[in-house]
Amino acid sequence: LFEMSNGWTCVLTVPYSGLLGSLGDTVVWLAAVFCTFSLIMLILWYRDQHLGRVAARTRSTLDIMGSAYYAAYRLNLRQARYERIKGSAEVKRLIGDKGTYQEMLDAFVAVLDDDAAAEFRKGFELEHVRALARKHTQEYGGDFYRLVDGEYRWVNASLIFAPEGDGMDAVFCFRQIDREKQAQLNHIKLLETSLDAADAS
């Protein structure tokens, strides 16, 4: 609505469909984009929640399995290096969190009794362990008598090789088996006594 110079009043009208018709298309397009974006965000949130639950279960399982071992070391046999995951107090006083394989082996031998020390060093010498890895050995180890909390006890040392790749990644883990070993030794002694009695009869 505006006044012209000749005194006439001019009224300009625009159809409603022309004014708001394109706006409706824009609103529909924006709503579609918003719904698509919301759906994508919902899927990603659900995926993160699912992966978080899987990761939590995996961590819990590993914690349960790890609690059976009082010490564990991650090994890189190619570079002859170790990284401590968890360890005993006696070995912690001898070596750091990371170092060479030889330093780790020397520390392990230092807490063994004299009879077991030479056997342990020979059994876990680096080139021997590398040869086992090249043969795709899955697990290697044995039972040893070692110093734990100031007194000697039976422990099991297990070297577990990574199944993938060249096998040169491994985990060296230790668990106490004093009760199991004593029961085993008592059982053997009982069998020997029974055999002696049978021979005497």
Side-chain angles (χ1 to χ4, degrees), residues 47-48 50-185 187-188:
R47 179 175 169 271
D48 287 344
H50 176 70
L51 290 176
R53 287 193 296 270
V54 170
R57 283 198 304 272
T58 302
R59 281 194 303 270
S60 175
T61 303
L62 291 175
D63 287 342
I64 292 169
M65 293 173 63
S67 65
Y69 299 93
Y70 68 83
Y73 299 81
R74 182 68 189 242
L75 305 181
N76 182 327
L77 299 174
R78 286 178 297 276
Q79 299 176 5
R81 305 285 299 177
Y82 79 87
E83 179 181 354
R84 180 172 57 219
I85 307 302
K86 60 191 291 193
S88 65
E90 290 83 9
V91 175
K92 281 183 178 180
R93 286 194 286 268
L94 299 174
I95 55 173
D97 292 338
K98 296 180 180 180
T100 67
Y101 184 91
Q102 191 59 49
E103 291 170 345
M104 180 194 70
L105 188 62
D106 291 341
F108 293 163
V109 168
V111 297
L112 291 172
D113 73 325
D114 294 337
D115 294 334
E119 182 185 350
F120 191 96
R121 187 179 292 279
K122 181 180 178 182
F124 291 101
E125 190 268 333
L126 180 60
E127 287 310 314
H128 175 62
V129 169
R130 282 175 171 168
L132 291 173
R134 285 191 287 270
K135 292 177 184 176
H136 302 289
T137 305
Q138 293 183 343
E139 186 173 353
Y140 171 76
D143 300 339
F144 298 90
Y145 207 48
R146 64 146 286 184
L147 191 65
V148 179
D149 297 330
E151 59 182 275
Y152 280 96
R153 297 179 184 172
W154 284 100
V155 300
N156 175 264
S158 293
L159 190 55
I160 304 170
F161 297 90
E164 70 280 351
D166 58 3
M168 290 294 172
D169 292 309
V171 175
F172 211 158
C173 47
F174 299 82
R175 64 185 179 92
Q176 289 193 39
I177 57 164
D178 209 50
R179 290 180 182 176
E180 298 96 316
K181 194 67 177 181
Q182 290 300 332
Q184 181 185 1
L185 293 174
H187 184 65
I188 292 172

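The basis for the numbers below is simple: all heavy atoms, side chains too, and nothing from hydrogens, waters or symmetry mates.
The minimum heavy-atom distance between Glu139 and Ser158, with the atom names listed, is OE2-OG, 3.3 Å. Across Leu132 and Thr137, no two heavy atoms sit closer than the pair O-OG1, 2.9 Å. A pairwise comparison of heavy atoms in Leu112 and Ala116 identifies CD1-O, 4.0 Å as the closest pair. Scanning both residues, Leu75 and Tyr101, for their nearest heavy atoms gives CD1-CE1, 3.9 Å. Looking at every heavy atom in both residues, Ala117 comes nearest to Val109 through CB-CG1, 3.6 Å. Taking both residues in full, the closest heavy atoms of Lys86 and Tyr69 are given as NZ-O, 2.7 Å, listed atom of the first, atom of the second, then distance.
Counting heavy atoms of neighbouring residues, nucleotides and ligands inside a 6.0 Å radius, atom CD of Gln138 does not exceed 12 of them.
Less than 6.0 angstrom separates the ring centroid of Phe144 from the ring centroid of Phe120.
Between the side chain of Glu125 and the main chain of Lys122, no donor-acceptor pair closer than 3.5 Å is present.
In this structure the side chain of Val111 reaches within 4.5 angstrom of the side chain of Leu94, judged on heavy atoms. When side chains are defined from C-beta on, Val155 does not count as touching Asp143, because their heavy atoms never get closer than 4.5 Å. Two residues are said to be in side-chain contact when any heavy atoms from C-beta on lie closer than 4.5 Å; Arg81 and Met104 fail this criterion. Counting heavy atoms from C-beta on, the side chains of Asp169 and Arg78 come closer than 4.5 Å. A heavy-atom distance below 4.5 Å is found between the side chains of Tyr73 and Phe108. Contact annotation: the side chain of Gln176 approaches that of Arg153 to within less than 4.5 Å [non-hydrogen atoms, C-beta and beyond].
For Gln102, the side chain to side chain donor-acceptor pair (under 3.5 Å) partners are Asp106, not counting sequence neighbours.
Atom CZ in Arg134 sits 10.5 Å away from atom CZ in Phe161 (nearest 0.5 Å). Of the inter-residue distances, the one linking Asn156 atom CG with Cys173 atom SG reads 8.0 Å to the nearest 0.5 angstrom. A distance of 7.5 Å separates CD1 of Ile85 from CZ of Arg74, quoted to the nearest 0.5 Å.
The existence of a salt bridge linking Arg130 and Glu127 is confirmed by a sub-4.0 Å separation between a basic side-chain nitrogen and an acidic carboxylate oxygen.
Note: Phe172 and Phe174 have parallel aromatic rings, judged against thresholds of 30 and 60 degrees for the angle between ring planes.
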